[in-house]
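Predicted model, so just to flag it, every value in this text is computed and none were measured. Proteins get letters first, then strands, A, B, ... in listed order; numbering begins at 1 in each.
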Amino acid sequence: MKEKYDFQEVEKKWQGRWAAENLYVVPDFSDRPKYYCLEMFPYPSGKLHMGHVRNYSIGDVVARFKTMEGYHVLHPMGWDAFGLPAENAAIKHGGIHPADWTVDNIDNMREQLKQLGISYDWNREVATCHPEYYRWTQWLFLQLFHQGLAYKKQAAVNWCTDCATVLANEQVKDGSCERCGAPVEKRELAQWFFKITDYAERLLKDIDLLGGWPDKVKIMQEHWIGRSEGTEIDFKVVGHDEVITVFTTRPDTVFGVTYMVLAPEHPLVEKLVAGTDYEAEIKEFVRKVSNMSEIDRTSNEIEKIGLPTGAYCINPVNGEKVPVLIGNYVLLEYGTGCVMGVAAHDQRDFEFAKKYDFPIRVVIQPPGEDLDPAAMEGAYEEEGVLVNSEQFDGMPNTEAIKAITEYLEQKGWGRFRVNFRLRDWLISRQRYWGAPIPIVYCERCGTVPVPESELPVLLPREVEFRPTGQSPLAECPEFVNTVCPACGGPAKRETDTMDTFMCSSWYYFRYTSPRETAGPWDKAKVDRWLPVDQYIGGVEHAILHLLYSRFFTKVLYDLKLVSVQEPFTNLLTQGMVLKDGTKMSKSKGNVISPEDIVARYGADTARLFILFAAPPERDLEWSDQGVEGCYRFLNRVWRLVAPLADKIKSAADDAPRAKQVGANREMLRVTHGTIKKVTDDIGARFNFNTAVSAIMELVNALYQYKELPETDRDQGVLREAIDALLLLLAPFAPHITEEIWEATGHTGSIHSQPWPVYDELAIKEEEITIVVQTNGKVRERLLVPAGLSADALREKVLGEPRVQQLIEGKKLVKVIPVPDKLVNIVIK
RNA sequence: GCGGGCGUGGCGGAAUGGCAGACGCGCUGGACUUAGGAUCCAGUGGGGGCAACCUCGUGCGGGUUCAACUCCCGCCGCCCGCACCA
């Protein structure tokens, strides 16, 4: 073994050998229990960033650990390779084709991942932009289409002005594009949607099945789905043959309605004002509102404005005529796009009514109080008893919710209804670099799905990349013009491509049979591997990717294409990598490049630091000095073993544990205690940072131990300790441990060894230092035999002269013995 | 506004309700050395004491308990998510 740790040489050597020996290639089937360890695949943006390094280092520890524990582990990697940056690069730099740009980036990043020594089965690599992959993305689209789950409709959709394409609801953040931050507008366009709302109830209910997910993510999804129970009530419009249907969660307040507000874009508005004095003003207002950016529109600061339409509608329960307005705060997308105004019992309505002088009618009376509408300073939203509500007077409002709904149903004026916040998933994108939607429009046959046998609908290579608001495919006649699969007549292809979240909603199935050509996957293989046992990635995907993937899995389950209802059993959302307290970004100039770190310290150091510096789900503060420390530690391990390697080689195979005494006994104890702690920290707690610190402590103990005179130590004990050290460290620092493993005379890769098992007997202490407290304060430490019962411990401690001194002259109130830990003596 | 998380030395962070600060960084001292920014050893929360020790200490204020960083209640601060949801 060389005297000095040359990480470059070591890492290169083993990366080459692992690849040559196919060490990480996983067979499809095995008798061993399976374990599917998956990290979110990256968008091939060019280079890995520290977030990737963290994500994949965590996954690699889990995968290697589970492999050593004897599981048949699937640990694949691939590329979320369609998407805007490639196309934007083509627009910006001319000359470079998105496909070439993407392939170059993939090659580059694959190389980086290999340099990190992550144990991927590269035979299973997939890239979503590959025709053999998107062929099946298109195939899956067709399955949804045939199920009636894919449909095209004209709708006011989110339009990113910068990306020049529509966005899904989930991709709009604070009224801006989630990706580029540009303002989002509303546009009326015909777009393809997936009916994820059909699955809203199941997506919500099955959150219960996600025991291994962080509560935070589950709550976010719950909120996003946003189930609420309420009542729909029909209000007839005076003088029109129209009905305004309103959704409310408070049908108990229906007798308190004094006006009605529609969303400006509500389809009825135009009809109600046509030909009236109000028409001009309303139309002007609607135009103004719909031209506002999403940011301004949804801002809380904005003043609530209402305009009368001149129309009136009839409250079915009391026959009252109430005015119909439009209001800028009413959202067309939610509920039925209108709100009934109950000023007395809704704070927002209250303020609105004050501003426009609508009557405030109390219909819920708080217990023991008499609300005076004139004196009210805010709405009363709590529970109470109904008043001014005819036959419902005197009923507690919680009961009235049900009773009034039943009454309305009986009369045919309304109905119980569950409403969701979740909208259908808009999957059309007016961009080039995505999977084409496999649909053809024929003048005679209408919308015709491309037959499965004609997939994939290939992306043409030669197109113009100008962001015009139309897909570049639309300007490519060779692509657009086709024949109708149904009648053979001339037809035009759909030119929108699919949201890339569609590609990433099923890739984890594809890994199980990545080269399958007869279908998207081989059912037996999918059944072998799914569900994913551990999924690891950033929280930023808490809603988008994870919700879409759950939706896909449920659809595929219903189609009997997969046998699981949920794709990911356990989810770990890793924290961000920060520098100087903030996210690394080019503009802040605080980016640390993984390449530099690997070049300077090696992959093992980089991985070790990132796992040591913080628990995985918390944010991690980057520290150059911390990296130095980890580098020092690996050097320390090297220097510990280097001079001993030859001796260890020739040591006996087994240290006779039972016979060891003194320092040897202690060394064994530390060794096995460390095995126990590290096994628990990785396997049960995912606390890699404390696992690493336990290994560091083992190394510290070994440094002490090796300084002993040779006659005082046992070669077998030393060897056992060093073997354990290497095995425990192997998932974190795979290269250096492999090198030392070989140098200490082992044959076969360390990564194929069984995980060490601790010996209960070796850990067992004969004597333990316990703490003696009086009134909860530490006063003494005593060495007592291990395993004393509570009673024996009490007697033993009270019998000690030093303890006698402590309690002398005091009144003994109580003694609490905690075996092997402490004794607390309560005295007065 | 609603929901979630966090708050512990100079720093990153440890502590199934049971010795607060493991491990690492930094710092201080020592050893080795021509030299060390290498390595090894020791020390390192505040205050007090020559010392054994004493005392205070986990954002703040209460509570439960023999015992609270940990559990409960009320605040304060920071971070994240959602946000006119009818």
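- Here A:R227 pairs with A:E201 in a salt bridge; the nearest charged N to carboxylate O distance falls below 4.0 Å.
- More than 12 heavy atoms of other residues, nucleotides or ligands shown are found within 6.0 angstrom of NZ on A:K588.
- For the pair A:R639 and A:E3, the salt-bridge criterion is not met [side-chain N within less than 4.0 Å of a carboxylate O].
- Residue A:P214 is classed as having no contact, given no heavy-atom separation below 4.0 Å to the nucleic acid.
- A distance of about 7 Å separates the C1' atoms of B:G59 and B:G77, rounded to the whole Å.
- One can place CG of A:L608 at 12 Å from P of B:C25, the figure rounded to the nearest angstrom.
- A salt bridge between A:D680 and A:K677 is absent, with no side-chain N of the basic residue lying under 4.0 Å from a carboxylate O of the acidic one.
- Judged by Watson-Crick or G-U wobble contacts below 3.5 Å, the nucleotide B:U65 has no partner.
- Heavy atoms of A:K173 sit under 4.0 angstrom from primed sugar atoms or phosphate atoms, though from no base atom.
- Heavy-atom distances to RNA chain B give each of A:N328 and A:L620 a nearest nucleotide, and the one nearer the 5′ end belongs to A:L620.
- Between B:C66 and A:K814, a contact under 4.0 Å exists linking OP1 or OP2 to a side-chain N or O.
- A salt bridge links A:R415 with A:D234: the closest approach of a Lys/Arg side-chain nitrogen to an acidic carboxylate oxygen falls below 4.0 angstrom.
- Relative to the side chain of A:S228, the nucleotides B:A86, B:C41, B:A20 differ in distance, and B:A86 lies closest.
- As rounded to the nearest Å, B:C2 and B:C84 have P atoms that lie 15 Å from one another.
- Distance noted for atom P between B:G9 and B:A14: 14 Å (whole Å).
- Residue contacts shown for A:G226 are absent, as no nucleic acid heavy atom lies under 4.0 Å away.
- At the phosphate of B:A14, OP1 or OP2 sits under 4.0 Å from a side-chain N or O atom of A:N689.
- Between A:R618 and the phosphate of B:A14, there is a side-chain N or O to OP1/OP2 separation shorter than 4.0 Å.
- The side chain of A:R632 contributes an N or O atom lying less than 4.0 Å from OP1 or OP2 of B:C25.
- To the nearest whole angstrom, the two P atoms, one in B:C40 and one in B:G24, are 11 Å apart.
- Nearest to the side chain of A:S693, among B:C41, B:C84, B:A22, sits B:A22.
- For the pair A:R421 and B:A86, the criterion of a side-chain N or O lying under 4.0 Å from OP1 or OP2 is not met.
- For B:C40, one of the phosphate oxygens OP1 or OP2 lies less than 4.0 angstrom from a side-chain nitrogen or oxygen of A:R636.
- Taking atom P in both B:U58 and B:G46, one finds a spacing of 15 Å when rounded to whole Å.
- Looking at heavy-atom distances under 4.0 Å, A:E333 makes no contact with the nucleic acid at all.
- A:V818 comes within contact range of at least one nucleobase, with a heavy-atom separation under 4.0 Å.
- When heavy atoms are screened at a 4.0 angstrom cut-off, A:D619 is found touching the sugar-phosphate backbone but no base atom.
- A cation-pi contact, defined as under 6.0 Å to the ring centre and within 45° of the axis, links A:R636 to A:Y703.
- Within the nucleic acid shown, A:R685 comes within 4.0 Å of sugar-phosphate atoms alone, with no base atom in reach, counting heavy atoms only.
- Closest to the side chain of A:T249, out of B:C54, B:A86, B:C80, is B:A86.
- In this model, a side-chain donor or acceptor of A:K304 finds a partner on the base of B:C84 within 3.5 Å.
- Comparing B:U16, B:G26, B:C41 by their nearest atom to the side chain of A:K821 picks out B:U16.
- Look at B:C6: its Watson-Crick or wobble partner, with both distances under 3.5 angstrom, is B:G77.
- Residue contacts for A:I219: at a heavy-atom cut-off of 4.0 Å it reaches the sugar-phosphate backbone alone, with no base atom in range.
- Nucleotides B:G48 and B:G10 place their P atoms 16 Å apart, quoted to the nearest Å.
- Protein atom CG of A:N824 is 13 Å distant from nucleotide atom P of B:G18, rounded to whole Å.
- Annotated as anti: B:G74, whose glycosidic dihedral deviates from 0 by more than 90°.
- Nucleic acid contact class of A:V813 (heavy atoms, under 4.0 Å, all strands): none.
- For A:E351 and A:K354, the salt-bridge test fails: no basic side-chain N is under 4.0 Å from an acidic carboxylate O.
- B:G1: Watson-Crick or G-U partner is B:C82, with both key distances under 3.5 Å.
- Searching all strands for a Watson-Crick or G-U wobble partner of B:G26 with both distances below 3.5 Å returns B:U44.
- Residues A:V172 and A:A613 both approach RNA chain B. Their nearest nucleotides, taken by heavy-atom distance, put A:A613 toward the 5′ side.
- Taking the C1' atoms as reference points, B:C27 lies 35 Å from B:G17, given to the whole Å.
- Shown are A:Y601, A:W622, A:F633, A:F688; of these, the ring pair (Phe, Tyr, Trp, His ring centres under 6.0 Å) with A:F609 is made only by A:W622.
- Residue contacts for A:S623: at a heavy-atom cut-off of 4.0 Å it reaches no nucleic acid atom on any strand shown.
- Distance from the side chain of A:V330 is smallest for B:A86 among the nucleotides B:A86, B:G24, B:C40.
- Atom name C1', nucleotides B:C41 and B:C32: the rounded distance is 11 Å, in whole Å.
- Backbone-only engagement by A:N700 is indicated by non-hydrogen atom pairs under 4.0 Å involving sugar-phosphate atoms exclusively.
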